[in-house]
Amino acid sequence: MLKDHVWLADPAYIGTNAITPLKKPAGGELNDHDKAYSKQISLIRSAVERAIAHLKNWKTLATGYRARLTELLKVIRAITRLEYCRLGW
């Protein structure tokens with residue numbers, strides 16, 4: 001685990017350094033502030049997960065990158081630009 005880093009994660013990672021949505025207490029409800037906090041974490045996570053899923057649609061990232069590692073960043077940037085173009089951004 002990365003001990004010096006903080007990341008967003010799903011509730012399975014509660015107890016780690018991850019920032020996670022809050023769980024409802026047993027037999028209770030979250031207050032409005034905690035619900036809003038959890039929703040914001042989930043919105044950010046879902047956007048990132050969708051972006052990763054879209055990148056994996058490109059076979060280069062889905063099947064494993066086999067070229068020079070020095071070129072990987074250029075490939076990811078090209079794929080990202082193509083995806084933006086496909087989406088009409």
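It should be emphasised that the depicted structure is a prediction, and the values quoted were computed from it without experimental measurement.
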Inset, instruction - Supply the atom-to-atom distance Arg77 CZ to Leu72 CG, rounded to the nearest 0.5 angstrom. - result: 10.5 Å
Pairs of donor and acceptor atoms involving the side chains of residues 34-42, under 3.5 Å and at least two apart or interchain, shall be tabulated with distances.
unit_1 : atom_1 : unit_2 : atom_2 : d
Ser38  : OG     : Leu22  : N      : 2.8
Ser38  : OG     : Asp34  : O      : 3.1
Ser42  : OG     : Ser38  : O      : 3.0

Legend entry - By side-chain hydrogen bond (donor to acceptor under 3.5 Å, both in side chains) - contacts of Arg86 (at least two apart): Glu83
Legend entry - Those residues that, when tested against Glu71, pass side chain to side chain contact (heavy atoms under 4.5 Å, CB included) (two or more places apart): Tyr65, Arg68, Lys74
